[in-house]
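We name chains A, B, ... by the order of the sequence lines, and we start the count at 1 in each one.
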Amino acid sequence: MKLTIENITKTFKDKSALNDINLELTTGVYGILGANGSGKTTLMRILASVMKPSSGRVLMNGQDIADMNEKYRELIGYLPQHVGYYKNFSAEKFLKYIAALKGLPKEETSEKVEEVIELVGLTEYRSKKIGGFSGGMKRRVGIAQALLNNPKILIVDEPTAGLDPKERIRFRNLLSKISTNRIVLLSTHIVSDIEFIAKEVLILKDGQLVKKETPQSLLKGIEDKVWTLVIEEKEIPRFQSEYKVGNIARVEDRFQLRILSDEQPEPNAENDIPNLEDLYLYYFDEEETA
Amino acid sequence: MKKRKLHHTFDKNVDHQIEDLEQEIGSLLDEYDVEYPGEEQIIMTIDAMKPYVPVRKNKWRTVLRGMTAITKQAYQEIFYMSSLFWIANGLLIAAALSGVLLMKADPYAMVMMFAPITTIMGLIEVLKSRNAGMAELEMSYKYNFQEIMLSKMLVVGGFNLVINLLITLSLGMFYQEILIAKMLLFWITPFTFIAALSLLFVSRYRQIYAITAGMVIWLTVSGYLSQPQIIEKLESLPAELYVTASAVALILSLFKAVHIYKRGVLYEVNH
Ligand SMILES: Nc1ncnc2c1ncn2[C@@H]1O[C@H](COP(=O)(O)OP(=O)(O)OP(=O)(O)O)[C@@H](O)[C@H]1O
Ligand SMILES: [Mg+2]
């Protein structure tokens, strides 16, 4: 199974959201990292076929998805970044309805609905109205509907945003459980979501794909660029203006700074093992602090 | 320029020059010689180009497939309409019948007034998904946004037809003197007209309050139309006029439905 993204460009009026993206995806989890407005949602919408690219095309096993039409939509499961549900429907009724919209055979529906409800851990609440669900529970309904048709391609846009740490861990575990034999695309701001489950990390910046590598090799790329340094409080502003500064931690009455720099910032700065958080900062610091 | 000169000076020297030139050009062109590709390479090229060859689409098959999909889904939609819709329609039948039977309202005015109300109310159901924020999800399903919307319209319109027929038949049973054909004309015209307008409306707007506005406008118009002197005038109009108006509205509806199906709806995925 192979999803090929060929020269995809998307322009809104005069604003360019995606610029000549070329990618090839095979089974496994792909984490899309990018700052606000970098084009993550736009890319995922095009892959979910709810938006047409301005130019370029997407091929599923060599076939243009625009020609495949509903044959392609049968293969995907999509959870948009912002989505609402019918508040008056119970989780079970809602999923049964979606099963119909996804064209599931009637005789398989009940069993399949039960299976996904169980998978996302909503069995207890299956007959409760979605309107009364918490944010985390709604998100689980969202994942459940995406999984109903046993999709070959699963596209989830910032599924962990706004979830508490426990729900996030739950979600991560769920995702690694369901990621075999599918192409999974997951966008996030939270790097720990994908650190251990992503086969590759895609980094989007201003609509451009700047990196597509395994998390390990991405980390290797900044191996000698992460420094820690203990300084006095009054020195902090100087470092912040000169370097990309990550974590600041209090160490007794002084402060330990985590600095991203190609060169050693101070003679007594020590190299540290990079994590994806550092990586994110390394690529996106300018926008975040500006 | 040179050529013209050659025509009237048959100079041997020039002939030589031309020969030289030909040879030179020939050797220059050799550079661009392309070796004829082998069988294997040709097949490989054809295979590589295959995905780029546009698939010829059978238009009628597409339309037929769409209609089957919409009908199939419409059957499913029936079970997911809100109970409020059914209750409101039950009340509607009761109101129409009691208006004529108990309050002695003009049956023709009554059916005309009630004819499109189910459709107008049904638009709430049709727009429900957009209002709930489900549109982007619906676009990603096998039955896509347009199909889901049209199938809901089909349920609403179909139910509207059933209700109108029921009212016509029950009134016809109570009053022997009522002309069924005239009754039919009196409701089919506004019904088809509103159906066409609704299709136009759902492909453009998504605010539910617009439906309320539509309802108010219709009730005002029909209230005005059902005044005795206006009814008299309406009744004196030739039947051909009603038939033509209905036919035009029906054709418009079908066109709009096909258009919606093919082009999708004016819907911007919002951020
Ligand atoms: N429907 C639209 N109309 C106009 N501009 C748009 C539209 N959708 C996206 N954009 C613009 O395209 C750019 C990319 O947006 P996109 O939503 O893809 O970013 P994102 O990476 O998903 O951001 P976020 O992290 O905030 O979700 C942004 O500058 C955005 O303003
Ligand atoms: Mg986004």
Side-chain angles (χ1 to χ4, degrees), chain A residues 4 6 12 17 37 41-42 44-45 47-52 57 59-64 66-89 93-94 96-104 106 109 130-131 142 145-146 148-149 151 153 155 157, chain B residues 47-57 61-62 65-66 68-70 72-85 124-125 127-149 151-152 206 261-265 267-271:
Chain A
T4 318
E6 253 182 31
F12 296 105
T41 298
T42 307
M44 297 184 114
R45 279 178 172 160
L47 292 178
S49 77
V50 303
M51 190 180 260
K52 289 200 173 72
R57 43 185 211 155
L59 305 174
M60 172 69 186
N61 291 336
Q63 222 182 340
D64 194 332
D67 296 332
M68 286 174 78
N69 207 352
E70 87 278 358
K71 289 270 178 319
Y72 178 70
R73 294 199 302 274
E74 272 180 314
L75 298 178
I76 61 170
Y78 175 47
L79 177 59
Q81 183 172 7
H82 302 290
V83 64
Y85 307 100
Y86 294 136
K87 294 187 182 62
N88 292 322
F89 280 29
K93 183 179 175 187
F94 179 76
K96 281 192 168 156
Y97 176 58
I98 301 302
L101 296 185
K102 289 196 170 199
L104 255 70
K106 196 103 185 79
T109 300
I130 298 178
Q145 65 77 30
L148 271 174
N149 56 330
I153 303 167
I155 300 164
D157 197 355
Chain B
D47 278 347
M49 295 311 286
K50 249 183 200 155
Y52 299 88
V53 179
V55 188
R56 240 188 86 182
K57 288 178 197 138
R61 262 234 299 276
T62 318
R65 202 205 62 80
T68 332
I70 289 166
K72 255 194 196 159
Q73 184 51 33
Y75 171 71
Q76 292 290 329
E77 289 289 344
I78 295 174
F79 303 102
Y80 295 96
M81 303 285 278
S82 86
S83 42
L84 211 65
F85 175 74
I124 295 175
E125 287 294 310
L127 295 185
K128 193 167 75 175
S129 69
R130 268 180 263 185
N131 260 64
M134 288 273 301
E136 193 172 349
L137 265 183
E138 286 188 349
M139 286 190 259
S140 75
Y141 293 149
K142 181 186 177 196
Y143 290 102
N144 65 7
F145 192 61
Q146 294 101 281
E147 288 168 335
I148 297 167
M149 199 180 77
S151 60
K152 282 180 182 167
R206 54 207 212 104
Y261 184 71
K262 282 212 283 214
R263 300 281 291 283
V265 227
Y267 181 80
E268 276 278 298
V269 192
N270 49 356
H271 204 50

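For A:Lys87, no part lies near chain B; criterion is any non-hydrogen pair under 4.5 Å. Using a 4.5 Å cut-off between heavy atoms, B:Ser151 does not touch chain A at all.
Residues forming a ring-ring contact (aromatic ring centres under 6.0 Å, His included) with A:Tyr72 (at least two apart in sequence, or on another chain): none.
Sorted by first then second residue, the salt bridge (charged side-chain N to carboxylate O under 4.0 Å, His left out) pairs that include residues 73-84 of chain B, not counting sequence neighbours, number zero.
Of the listed residues B:Arg65, B:Glu138, B:Glu147, the one with more heavy-atom pairs under 4.5 angstrom with chain A than any other is B:Arg65. Contacts with chain B were tallied for A:Asn88, A:Leu79, A:Val83; A:Val83 has the most, counting heavy-atom pairs under 4.5 Å.
For the residue pair A:Gln145 and A:Tyr78, no side-chain donor N or O sits within less than 3.5 Å of a side-chain acceptor on the partner.
A:Glu74 and A:Lys71 are not joined by a salt bridge, as no carboxylate oxygen comes within less than 4.0 angstrom of a charged side-chain nitrogen.
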